[in-house]
Amino acid sequence: MWLMKSEPEEFSIDALARVAREPWSGVRNYQARNYMRDGMQVGDKVLFYHSNCARPGVAGIAEVASAAYPDPTQFDPDSAYYDPKSTPANPRWLLVDIRFVRRCKHVITLDAIRNAAEQLGDLALIRRGNRLSVMPVTPAQYHHILSLEHDSP
DNA sequence: GCCAACGTTGGC
DNA sequence: GCCAACGTTGGC
């Protein structure tokens, strides 16, 4: 199971709900890429996290909808994610498609997740200075985070 | 908008 | 292979 960050002004859980399915383009971090390439299986559940916004936190659930394949934006000179050092023959960046599952009833805030740190154990999201945008979560962490959804907002 | 923390780049 | 400089992330 996974957690993936997105800036809601760029691409929110509501935007995912509208399109139903989306290629997760733009990841330009090797560790995040490796998780998508080597770790993800179709059907894996994903906590959809809103970052860099007024209420950072888990806003919904998605699932992995494809195997990893080259991110087309890396070859597009007009894209903000263009990478001139990558070639179609030897692509540097891979992505997976993500499918909408559901919204959270309310955002499970970073604050609430931090408050549960003791029960959650080691979680990359709340490690100091963490900036990773794609990270694994254990089933226990996944379920514990979602259990916080029933708490008051 | 600020800034701490981090990853990447590139000169040496 | 080191490491300083730089750019980015993301909470606040």
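First the proteins, then the strands, lettered A, B, ... as listed; each starts at 1.
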Atom-to-atom span, CG of A/L3 to P of C/dT9 - whole angstrom = 16 Å

task = Give the rounded distance in Å between these two atoms: CG of A/N29 and C1' of B/dT9.
result = 15 Å

note = Taken to the nearest whole Å, OH/A/Y30 to C1'/B/dT8 is 8 Å

message = I'd like to know if A/D111 pairs up with A/R55 as an ion pair, taking the criterion as any Lys NZ or Arg NE/NH1/NH2 lying under 4.0 Å from an Asp or Glu carboxylate oxygen.
response = no

query = When you check the phosphate oxygens OP1 and OP2 of C/dG10, does a side-chain N or O of A/K5 lie under 4.0 Å from one of them?
reply = yes

task = Could you tell me whether the side chains of A/D97 and A/W24 share a donor-acceptor contact shorter than 3.5 Å?
result = no

task = Establish, with yes or no, whether the OP1 or OP2 oxygen of C/dG11 is under 4.0 angstrom from a side-chain nitrogen or oxygen of A/Y49.
result = yes

query = Closer to the 5' end of DNA chain B via nearest nucleotide, is it A/K85 or A/N130?
reply = A/N130

query = Counting distance only, does the side-chain N/O of A/Q141 pair as donor-acceptor with the main-chain N or O of A/T138 below 3.5 Å?
reply = yes

inquiry  = Expressed as a whole number of angstroms, how long is the span from A/E10:CD to C/dT8:P?
reply    = 14 Å

ask   = If each of A/R28 and A/N52 is mapped to the nucleotide of DNA chain B with the nearest heavy atom, which maps nearer the 5' terminus, i.e. the 5' end?
value = A/N52

task = Rounded off to whole Å, could you give me the NE2-to-C1' distance for the A/H50 and C/dG11 pair?
result = 16 Å

request  = For A/M4 and C/dT9, give me the distance from atom CE to atom C1', rounded to whole Å.
outcome  = 16 Å

message = I need the CZ-P distance between A/R128 and C/dC12, as an integer number of Å.
response = 14 Å

query = Rounded to the Å, how far apart are A/R127 CZ and C/dG11 P?
reply = 15 Å

message = At 4.0 Å (heavy atoms only), tell me whether A/R114 reaches a base, stays on the sugar-phosphate, or touches nothing.
response = sugar-phosphate

inquiry  = Whether the A/D14 and A/S12 side chains hold a donor-acceptor pair (N or O, under 3.5 Å, no angle test) is what I'd like checked.
reply    = no

